[in-house]
Amino acid sequence: MSNEPITLTAGDAEATVLPGNGGRIGGLRVGGTELLRQGERYGCFPMVPWCGRIREGRFSDGAVVHRMPLNSPPHAIHGTARDAAWRTARVSGNEAVLTYDLVDPWPYSGRVTQVVALAEDALTLTMSVETYESSFPAQIGWHPWFNRTLDGADGTGVEIAFDPAWQEERGDDHLPTGNRVDPKPGPWDDCFGMPDGVDVTLTWPGRLELKVSSREQWVVVYDEQEAAVCVEPQTGPPNGLNTLPRLVTPLEPLEATTTWAWRRL
């Protein structure tokens, strides 16, 4: 199938899926109100086969050191799939299935599948990485850009509420140092641990409450930008290919899911 834009609908919710632009969610409208920042770099993109930064673009697999392009010097950031065209495998009225085959500069062969499922009150994203050849370390995550205010409204904008067990201490190079510290107040560009699963609530006062949830235990929260805030569930911390790798094998794919559930206020 082609990689043309896809529109999913459920009740008064509408999601735009952009296979040709990194398999990202280009927009999510509830009752006509856009929740995601617009623009070809924004929306919500999948982070795969790694999340966040890799220190100096290098990671080890046993004795072999691989180097990724430094697209955020001096580091490599957010995987390779967001810069690629995905293929549309299947579409129904409220669900789309996309695939992306891992290619150079990623040194291993594999396939990524993302399922985008829209309901009247929730959007669920499920991603898997599988291989039929060599095993390799990988990560899965999502990077949504939620609008700080809705409909360009004035005011304080969205409120972020969550109760992490720890915060990954961030070094001057923006990477976790390996130390876990007590959570600190924002603004953040930080990774947090939630061992019972990611559970973050965004509230636009008087308008909408949206809960980002996942069984995964790490979430990056970024709210240093004026226009948008990011809540990023992922299968490990930044630089995790080096510090906490998850292995994809021919017998065991890597899978993750996140759900955004909303209600009007």
Side-chain angles (χ1 to χ4, degrees), residues 3 18-24 40-87 98-114 125 127-145 168-178 189-191 216-222 230 232-250 252-256 258:
N3 58 14
L18 303 175
N21 183 10
R24 78 186 62 217
E40 65 177 16
R41 296 177 53 244
Y42 299 108
C44 171
F45 61 82
M47 297 185 291
V48 65
W50 74 85
C51 304
R53 295 169 175 85
I54 303 175
R55 186 184 306 278
E56 298 176 351
R58 293 183 293 190
F59 72 96
S60 300
D61 182 12
V64 179
V65 176
H66 297 289
R67 297 174 182 269
M68 296 293 100
L70 304 183
N71 56 351
S72 182
H75 307 304
I77 197 169
H78 294 336
T80 57
R82 66 169 179 158
D83 299 316
W86 293 49
R87 290 175 52 84
L98 313 180
T99 63
Y100 167 68
D101 290 328
L102 295 169
V103 294
D104 187 71
W106 186 250
Y108 303 96
S109 63
R111 170 162 287 191
V112 184
T113 302
Q114 180 174 218
L125 305 172
M127 193 156 36
S128 63
V129 183
E130 57 187 340
T131 182
Y132 299 105
E133 299 181 13
S134 300
S135 301
F136 57 85
Q139 290 179 296
I140 287 171
W142 289 271
H143 195 304
W145 296 85
E168 300 282 349
E169 183 182 61
R170 176 163 55 95
D172 293 338
D173 58 3
H174 274 259
L175 292 172
T177 65
D189 182 11
D190 292 278
C191 183
E216 302 309 319
Q217 299 181 17
W218 285 269
V219 62
V220 169
V221 179
Y222 173 59
C230 304
E232 309 162 34
Q234 47 197 67
T235 59
N239 200 37
L241 289 189
N242 288 308
T243 62
L244 199 68
R246 298 279 294 273
L247 202 62
V248 179
T249 76
E252 190 172 4
L254 177 60
E255 300 176 324
T258 184

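Remember, predicted model here, so these are calculated numbers, not experimental data.
At a threshold of 4.5 Å between non-hydrogen side-chain atoms, the residues M47 and I140 do not count as touching. Proximity of R58 to H66: side-chain heavy atoms (C-beta onward) are nowhere separated by under 4.5 Å. Residues S135 and P250 meet the side-chain proximity criterion, which asks for heavy atoms closer than 4.5 Å. Side chains of T80 and P105 form a contact here, defined as non-hydrogen atoms less than 4.5 Å apart. In this structure the side chain of M127 reaches within 4.5 angstrom of the side chain of V48, judged on heavy atoms. Contact check for R67 versus F59: no side-chain heavy atoms found under the 4.5 Å cut-off. When side chains are defined from C-beta on, L102 counts as touching F136, because their heavy atoms get closer than 4.5 Å. The shortest side-chain heavy-atom distance between P237 and L244 falls under the 4.5 Å cut-off.
When each of T99, T131, V129 is checked for a side chain to side chain contact (heavy atoms under 4.5 Å, CB included) with R111, only T99 meets the rule.
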Next item on the list: Could you walk me through whether N242 and I54 pass side-chain contact (heavy atoms from CB on, under 4.5 Å), step by step?
Entry: CA-CA 8 Å; N242 288 308; I54 303 175; 3.8 Å; yes

Margin query: Using side-chain contact (heavy atoms from CB on, under 4.5 Å), reason through E168 and T243 one step at a time and then give a plain yes or no.
Written below: CA-CA 12 Å; E168 300 282 349; T243 62; over 6 Å; no

Next item on the list: Test side-chain contact (heavy atoms from CB on, under 4.5 Å) on C51 and Q139 and set out the steps.
Entry: CA-CA 6 Å; C51 304; Q139 290 179 296; 3.8 Å; yes

Notebook entry, point to check: Are W50 and Y108 close enough, and set up right, to give a ring pair (Phe, Tyr, Trp, His ring centres under 6.0 Å), and what steps lead you there?
Noted result: CA-CA 13 Å; W50 74 85; Y108 303 96; over 10 Å; no

Next item on the list: Let me see the working for N21 and E40 under side-chain contact (heavy atoms from CB on, under 4.5 Å), right down to the final yes or no.
Entry: CA-CA 7 Å; N21 183 10; E40 65 177 16; 3.9 Å; yes

Note to self: Run the ring pair (Phe, Tyr, Trp, His ring centres under 6.0 Å) test on H143 and Y222 for me, step by step, so that the C-alpha distance in whole Å, both residues' side-chain angles and the decisive distance to 0.1 Å come before the verdict.
What the structure shows: CA-CA 10 Å; H143 195 304; Y222 173 59; 7.3 Å; no

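Scanning all heavy atoms of the two residues, the minimum distance from W142 to P46 falls at CD1-CA, 4.2 Å. Contact detail for L98 and P19: the closest heavy-atom pair is CD2-CG, 3.8 Å. What you find for P137 and P245 is that their closest heavy atoms are CB-CB, 3.8 Å. For Y100 against A84, the heavy-atom pair with the smallest separation is CE1-CB, 3.3 Å.
Judged purely by distance below 3.5 Å, without hydrogens or angles, the side chains of T177 and E169 pair a donor atom with an acceptor atom. Remark: the T235 side chain and the E216 side chain contain no N/O donor-acceptor pair separated by less than 3.5 Å. Of the N and O atoms on the side chains of W145 and E232, not one donor lies less than 3.5 Å from an acceptor on the other residue.
Here the CD1 atom belonging to I77 is positioned 15.0 Å from the CE atom belonging to M68, to the nearest 0.5 angstrom. Of the inter-residue distances, the one linking L70 atom CG with R53 atom CZ reads 12.5 Å to the nearest 0.5 angstrom. Atom OG of S60 and atom CG of L241 lie 10.0 Å apart (nearest 0.5 Å). A distance of 12.5 Å separates CD in Q234 from CD in Q217, rounded to the nearest 0.5 Å. Distance CZ/R170 to CG/D189: 5.0 Å, rounded to 0.5 Å. To the nearest 0.5 Å, atom OG1 of residue T249 and atom CD of residue E130 are 11.0 Å apart.
For the pair H75 (side chain) and E56 (backbone), a donor-acceptor distance under 3.5 Å is present.
A salt bridge links D173 to R55: at least one charged side-chain nitrogen sits closer than 4.0 Å to a carboxylate oxygen.
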